[in-house]
Amino acid sequence: MLAKTYTAALQGLNAMPVTVEADNFDDGHNQKCTIVGLPDGAVRESQDRILSALRTNGYKTPGNSIVINLSPADIRKEGSGFDLPIAIALLISYNLLTIQKSEQYMFVGELSLDGTVLPVKGILPISIKARELGLTALFVPEENAREAAVVNNLTVYGVKHINEIVAHFSGLSQLQPTIVNTREEFYAQQYTFPYDFDEVKGQENVKRAFEVAAAGGHNIILVGSPGCGKSMMAKRLPSILPPLTLGESLETTQIHSIAGKLVKETSLISQRPFRSPHHTVSDVALVGGGNTFMPGEICLAHNGVLFLDELPEFNRSVLETLRQPLEDRVITISRSRYNLTLPCSFMLVASMNPCPCGYHHHPTRNCVCTPSQIQRYINKISGPLMDRIDIQVEVESVPFEDIAKAPKGEPSATIRERVLRARQIQNARYKDIAGIHCNAQMTTSLLQKHVQLDDQALNLLRTAMKRLNLSARAYDRILKVSRTIADLEGAEQVQSHHIAEAIGYRNLDREDWGI
């Protein structure tokens with residue numbers, strides 16, 4: 001008997017509907033199971049898991065040969081999520097289960113040998129696709145149910161065991177749909193952070209730089225000796241960033257769902273992601289790809305922060321892959337099996353020592369590096385990449401006396417209020433421009449429109465450009481940062497002191513920096 005069930009296969013960040021067809025017949029030989037439709041290794045191995053699970057739970061299957069077709073046949077099927085729909089199709093084929101209007105249901109899940117339904121990756125995009133298709137219900141592993149249930153207008157059932165599905169459709173017992181109050185849970189968790197800027201003693205200039213970076217969405221690099229607090233302050237940046245919108249959260253959760261990075265029982269990611277890959281990361285791990293597609297760190301940092309600690313220690317070829325994503329905020333991955341364009345709009349936060357020994361410009365410790373060694377160390381980061389970092393800040397060590405006597409710093413909540421006011425100005429400014437949400441995303445034409453300099457400010461910028469020998473891209477960065485500083489002040493026009501502060505955030509461009 002021919003039977004059909006329905007599921008979905010992941011294609012990048014999206015899901016594609018898949019029809020599972022199962023047919024069993026007696027060909028006079030020993031039982032043989034064949035799966036066709038471009039299955040990968042995990043799908044081909046599913047036949048043994050499924051048949052064992054059915055036998056273990058007392059479903060008597062005739063010794064017929066089985067053909068399972070995954071349609072459309074020209075799309076590669078990967079992962080273990082096809083176990084459950086194949087098992088249901090086999091039960092229908094063996095007349096052990098009847099499902100009326102089976103085309104209205106979608107099944108996803110992995111089976112263990114005892115019939116337990118195990119969690120799989122990518123449930124959220126599959127749930128979105130099920131709603132787009134107008135299906136009645138989606139059956140998923142119980143651990144994935146909350147993730148799927150964030151999609152409204154779709155009934156989601158969390159399943160622990162295959163017997164629960166059989167009992168549900170046989171009328172013996174009814175599964176209860178999973179209901180998630182998406183908005184309530186999302187907004188309840190937005191303002192709870194593990195780190196706060198009030199724990200930072202001193203470093204007022206660096207905290208100001210972080211405030212400017214957060215207000216305009218600017219990339220920032222911190223340069224300072226070991227132990228001066230670079231990583232400590234970088235980890236606190238999410239606490240002053242604007243909260244995620246529901247749309248941003250859904251997009252971010254979708255990426256993490258496909259990568260299998262969601263915490264158990266998570267519905268939506270409510271805080272901006274903070275990704276900090278080790279400096280030994282490969283280019284594929286950073287940008288994504290592989291034989292079986294996986295989102296890279298820049299995609300996992302989408303709508304959040306990518307923190308690269310000890311930037312010169314990263315492989316140079318890895319760092320160069322960031323150049324295009326930093327400009328376009330999307331990454332196109334071309335492989336023999338697929339061609340995908342993925343979102344990766346993130347804030348880059350980097351840190352580095354000023355020299356190989358780490359103590360160049362240190363107030364109390366002597367640097368043992370020569371000027372040529374310092375220059376070679378800095379040159380590990382290419383000029384084009386450094387030009388894409390808007391704010392360059394030198395971080396000095398805080399003396400013990402200041403640490404001991406310094407009062408508690410300004411809390412993140414207070415800083416975030418100023419950041420939000422500046423972002424509101426920018427949202428109003430760019431409300432009619434698609435893809436532009438903050439000053440860091442401004443194009444050249446928008447800079448010309450929204451950054452009008454008077455003679456004093458223009459002369460100051462001209463002098464800095466000549467003295468520091470800045471590139472045209474660095475010129476644009478200074479204008480963008482100065483626009484953000486003016487927005488924090490609530491000023492309509494960019495003035496000379498805004499330009500002066502923005503120029504002060506180009507520390508590595510000074511001719512005497514490495515001396």
Side-chain angles (χ1 to χ4, degrees), residues 203-225 228 230 233-234 237 307-308 311-312 319 322-323 326-327 347-355 360-361 371 374-375 377-396 422 438-444 447-448 450-451 453 456-489 494-515:
Q203 303 290 11
E204 298 304 323
N205 64 317
V206 185
K207 286 190 280 189
R208 168 64 177 177
F210 270 115
E211 180 179 338
V212 173
H218 302 289
N219 302 321
I220 181 172
I221 185 169
L222 309 175
V223 185
S225 57
C228 65
K230 304 186 294 296
M233 286 183 281
L237 177 59
F307 177 49
L308 301 182
L311 190 65
L319 293 180
L322 292 174
R323 287 163 57 172
L326 283 171
E327 286 290 316
M347 274 184 65
L348 175 64
V349 180
S351 70
M352 61 178 286
N353 293 332
C355 64
H360 183 57
H361 288 174
I374 296 173
Q375 197 59 50
Y377 186 74
I378 297 172
N379 288 344
K380 289 182 177 182
I381 308 167
S382 69
L385 179 61
M386 191 63 75
D387 275 348
R388 287 168 169 81
I389 300 177
D390 304 353
I391 298 176
Q392 306 164 357
V393 183
E394 194 166 0
V395 184
E396 297 181 357
C438 58
N439 290 333
Q441 300 171 338
M442 276 196 292
T443 61
T444 302
L447 274 175
Q448 294 173 352
H450 297 295
V451 185
L453 302 182
Q456 184 179 1
L458 193 61
N459 289 332
L460 179 62
L461 182 56
R462 182 184 296 111
T463 301
M465 289 291 295
K466 291 180 178 179
R467 183 171 298 173
L468 301 177
N469 194 26
L470 300 178
S471 67
R473 184 178 282 113
Y475 169 81
D476 286 350
R477 304 294 175 184
I478 291 174
L479 293 183
K480 291 178 182 180
V481 173
S482 64
R483 179 66 269 175
T484 299
I485 296 169
D487 289 341
L488 282 168
E489 196 176 283
V494 175
Q495 301 170 15
S496 59
H497 65 280
H498 302 141
I499 290 289
E501 183 177 351
I503 293 171
Y505 292 136
R506 304 297 300 182
N507 283 13
L508 298 185
D509 292 328
R510 299 200 317 263
E511 291 181 349
D512 62 342
W513 191 87
I515 300 176

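Judged by distance alone, with hydrogens and angles left aside, the side-chain atoms of R506 form no donor-acceptor pair with the main-chain N or O of A502 at under 3.5 Å. Judged by distance alone, with hydrogens and angles left aside, the side-chain atoms of R483 form no donor-acceptor pair with the main-chain N or O of N439 at under 3.5 Å. With hydrogens and angles ignored, the 3.5 Å screen pairs a side-chain donor or acceptor of R388 with a backbone N or O of R323.
Remark: E396 pairs with no residue by the side chain to side chain contact (heavy atoms under 4.5 Å, CB included) rule, at least two apart or across chains. Qualifying ring pair (Phe, Tyr, Trp, His ring centres under 6.0 Å) partners for Y377, counting only residues two or more places apart in sequence or in other chains: none. R477 meets the salt bridge (Lys or Arg N to Asp or Glu O under 4.0 Å) test with E327, D390; sequence neighbours excluded. A search for side chain to side chain donor-acceptor pair (under 3.5 Å) contacts involving N205 returns nothing, not counting sequence neighbours. Taking the side chain to side chain donor-acceptor pair (under 3.5 Å) definition, one finds that S351 meets it with D309, sequence neighbours left out. When the side chain to side chain donor-acceptor pair (under 3.5 Å) test is applied to Q456, no partner is found at least two apart in sequence or on another chain. By the salt bridge (Lys or Arg N to Asp or Glu O under 4.0 Å) test, E211 is found to be paired with R208, R418, residues two or more places apart in sequence or in another chain being considered. When the side chain to side chain contact (heavy atoms under 4.5 Å, CB included) test is applied to A464, the partners found at least two apart in sequence or on another chain are I503. Residues satisfying the side chain to side chain donor-acceptor pair (under 3.5 Å) test with S382, not counting sequence neighbours, are E320. Applying the side chain to side chain contact (heavy atoms under 4.5 Å, CB included) test to L447 and every residue at least two apart in sequence or in another chain returns M442, V451, D476, L479, K480.
Once rounded to the nearest 0.5 Å, the distance linking CG of L348 with CD1 of I220 reads 10.0 Å. Atoms CD and CD1, from E501 and I478 in turn, are 12.5 Å apart once rounded to the nearest 0.5 Å. With values rounded to the nearest 0.5 angstrom, S482 atom OG is found 8.5 Å from H498 atom NE2. Separating the SG atom in C228 from the CE atom in M233 is a distance of 6.5 Å, to the nearest 0.5 Å.
Contact annotation: the side chain of L237 approaches that of V349 to within less than 4.5 Å [non-hydrogen atoms, C-beta and beyond]. Proximity of I499 to Q495: side-chain heavy atoms (C-beta onward) are nowhere separated by under 4.5 Å. At least one side-chain heavy atom of M465 sits less than 4.5 Å from a side-chain heavy atom of Y475. No side-chain heavy atom of Y505 sits under 4.5 Å from any side-chain heavy atom of I221. Considering only heavy atoms from C-beta on, N219 stays 4.5 Å or farther from I391 through its side chain. Side-chain contact between L311 and I381 is present, with heavy atoms from C-beta onward closer than 4.5 Å. Counting only heavy atoms from C-beta outward, the side chains of Q392 and V223 never approach each other to under 4.5 Å. Side-chain contact check for L453 versus L460: every heavy-atom pair is 4.5 Å or farther apart.
V212 and H218 make their closest contact through O-CD2, 3.5 Å (heavy atoms, listed as atom of the first residue, atom of the second, distance). Counting all heavy atoms, side chain and backbone alike, A440 lies closest to G217 at CB-O, 3.1 Å. Closest approach of P312 and M352 over heavy atoms only: CD-CB, 3.4 Å. Contact detail for P354 and S225: the closest heavy-atom pair is CD-N, 3.9 Å.
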Q | Residues L308, L322; criterion side chain to side chain contact (heavy atoms under 4.5 Å, CB included); working and verdict | A | CA-CA 11 Å; L308 301 182; L322 292 174; 3.7 Å; yes
Q: Show the numbers, then the answer: is there a side chain to side chain contact (heavy atoms under 4.5 Å, CB included) between E489 and H497?
A: CA-CA 11 Å; E489 196 176 283; H497 65 280; 3.2 Å; yes
